[in-house]
Amino acid sequence: MKNIQISPSILSADFSQLGAEIKRLEEAGADMIHVDVMDGHFVPNLTIGPPVIKALRKHCSLKFDVHLMISPVQKYIEAYADAGADIITIHPEATPNLSQSIKTIKDLNKQVGVSLNPESKVELIKEFLDQIDLVLIMSVNPGFGGQKFIPEVLDKIKQLKNIQKDKNLNFDIEIDGGINFENCKIAIDAGANILVSGTTIFKGNGGDIKKNISLLKLK
Ligand code: DX5
Ligand code: ZN
């Protein structure tokens with residue numbers, strides 16, 4: 001049984017103080033930092049790119065769990081690896097050759113994640129599960145924080161757990177979008193071992209991020 005890890009999304013942080021914000025998250029017990037990269041093309045929002053990630057790298061020793069909501073993604077992977085990403089997660093719809101993109105990330109000695117949007121089926125990535133370190137299950141349609149959790153995606157987590165058992169695979173299962181104190185337990189019980197949260201961590205309990213992180217860990 002894997003330990004439950006919390007990967008706070010900085011999309012909900014104060015963008016004018018991102019260095020201080022990720023320091024705060026590290027001190028508050030975050031296990032990694034979820035960096036939502038959006039290009040205004042793959043998703044209807046635009047956030048940050050490699051220069052910002054590079055600037056943040058020295059402010060925090062935690063893993064940067066970089067979620068690339070960009071397309072085309074292939075030609076930008078190396079720039080995120082060089083900027084300091086530790087986990088690089090891509091969307092299958094963002095590359096014409098998922099196998100090549102996975103290999104590119106692994107050749108850069110980074111952990112590779114593949115993300116499934118709420119409507120996307122596990123079958124889309126089943127053949128790659130033995131090559132990847134993490135599956136990111138989107139429980140909202142990507143693009144914005146503060147959206148409503150889509151519980152139907154939990155069936156995909158249960159399906160992934162069964163595949164893990166059948167094939168003796170050990171990839172992490174991360175869930176991302178609308179995670180809060182009410183649904184974190186059902187997400188964990190379904191089999192997620194990494195929870196991403198932005199709004200709940202930064203806004204819950206008057207912004208007590210230490211308390212919010214431990215509550216999401218069911219501690
Ligand atoms: C949405 C992002 C999520 C989002 C999570 O496209 O991938 O990481 O920021 O934020 P909350 O927890 O507010 O739903
Ligand atoms: Zn994300």
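Note that ligands are numbered from 1 as they come in the structure, with each ligand's atoms numbered from 1 the same way. One-based numbering along the sequence shown.
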Any N or O on Q147 sitting closer than 3.5 Å to an N or O of ligand 1? no
Looking at H67, which atoms of ligand 1 are within less than 4.0 Å of one of its heavy atoms? 7 (O)
Which ligand 1 atoms, with their elements, are less than 4.0 angstrom from a heavy-atom of H34? 8 (O)
Is a salt bridge present between D172 and K2, judged by a nitrogen-to-oxygen distance below 4.0 Å? yes
If I compare all heavy atoms of I186 with all of N183, which pair ends up nearest, and what's the gap? CG1-O, 3.0 Å
Per-atom contacts, ligand 1 versus M69 - under 4.0 Å to a heavy atom: 6 (O), 7 (O)
For atom 1 (C) of ligand 1, what is the closest protein heavy atom, and at what distance to 0.1 Å? F144 O, 3.6 Å
Surrounding OH of Y76 (heavy atoms of other residues, nucleotides or ligands, distance under 6.0 Å), is the total greater than 12? no
Nearest neighbour in protein (non-hydrogen) for atom 14 (O) of ligand 1: G178 N, 2.8 Å
Taking 4.0 angstrom as the limit and counting only heavy atoms of L11, give me the atoms of ligand 1 inside it, by number and element. 9 (O)
Given the rule that I, L, V, M, F, W and Y join up when any side-chain heavy atoms are under 4.5 Å apart, are F144 and I70 in one cluster? no
If you count the atoms of ligand 1 from 1 in the order shown, which ones are under 4.0 Å from a heavy atom of T199? 11 (P), 12 (O), 13 (O)
Test side-chain hydrogen bond (donor to acceptor under 3.5 Å, both in side chains), reference S120, set E93, H91, K156, output is E93
Examine N141 against ligand 1 and note whether any of their N/O atoms are separated by less than 3.5 Å. no
Is there any N or O on M38 that sits under 3.5 Å from an N or O of ligand 1? no
Heavy-atom pairs closer than 4.0 Å: do any link ligand 1 to the side chain of S9, the backbone, both, or neither? side chain
Testing the basics here: between S115 and P92, what is the closest heavy-atom pair and its distance to 0.1 Å? O-CD, 3.0 Å
Atom 12 (O) of ligand 1: nearest protein contact (heavy atom, Å): G198 N, 2.7 Å
Under 4.0 Å from one or more heavy atoms of G145, ligand 1 contributes atoms 10 (O), 13 (O)
Contact check: I179 vs ligand 1, nitrogen or oxygen atoms, below 3.5 angstrom: no
Go through ligand 1 atom by atom and flag the ones less than 4.0 Å from a non-hydrogen atom of P142. 6 (O)
Using the rule that two of Ile, Leu, Val, Met, Phe, Trp, Tyr join whenever any of their side-chain heavy atoms come within less than 4.5 Å, decide whether L68 and I105 are in one cluster. yes
Do I87 and L108 sit in one hydrophobic cluster, given that two such residues count as connected whenever their side-chain heavy atoms are within less than 4.5 Å of each other, even indirectly? no
Does any non-hydrogen side-chain atom of D14 lie less than 4.5 Å from one of L18? no
Less than 3.5 Å between some nitrogen or oxygen of V196 and one of ligand 1, yes or no? no
Tell me, please: is F149 in heavy-atom contact with ligand 1, that is, under 4.0 Å? no
Per-atom filter on ligand 1: closer than 4.0 angstrom to a heavy atom of S197 are 12 (O)
Answer with yes or no whether the hydrophobic clustering places I157 together with V140; edges join I, L, V, M, F, W, Y residues whose side-chain heavy atoms lie under 4.5 Å apart. no
What is the minimum heavy-atom distance between N170 and Q164, and which atoms define it? C-NE2, 4.0 Å
Structural part of D176 in contact with ligand 1, heavy atom criterion under 4.0 angstrom: side chain
Tell me if the CG atom of N97 is crowded by more than 12 foreign heavy atoms within 6.0 Å. yes
What is the name of the N/O/S atom in H67 that sits closest to the Zn ion (ligand 2)? ND1
What's the shortest distance from atom 6 (O) of ligand 1 to any protein heavy atom, and which residue and atom give it? G143 N, 2.7 Å
In degrees, rounded to 10 degrees, what angle do D36 atom OD1 and H34 atom NE2 make at the Zn ion (ligand 2)? 90°
To the nearest 0.1 Å, how far is atom 9 (O) of ligand 1 from its closest protein heavy atom, and which atom is that? D36 OD2, 3.0 Å
Quick one: do F149 and M138 end up in the same hydrophobic cluster if we chain Ile, Leu, Val, Met, Phe, Trp and Tyr together by side-chain heavy atoms under 4.5 Å apart? no
Closest D176 atom to the Zn ion (ligand 2) [N, O or S only]: OD2
Using every non-hydrogen atom in the two residues, find where G29 and K217 come nearest and quote the distance to one decimal. O-NZ, 4.0 Å
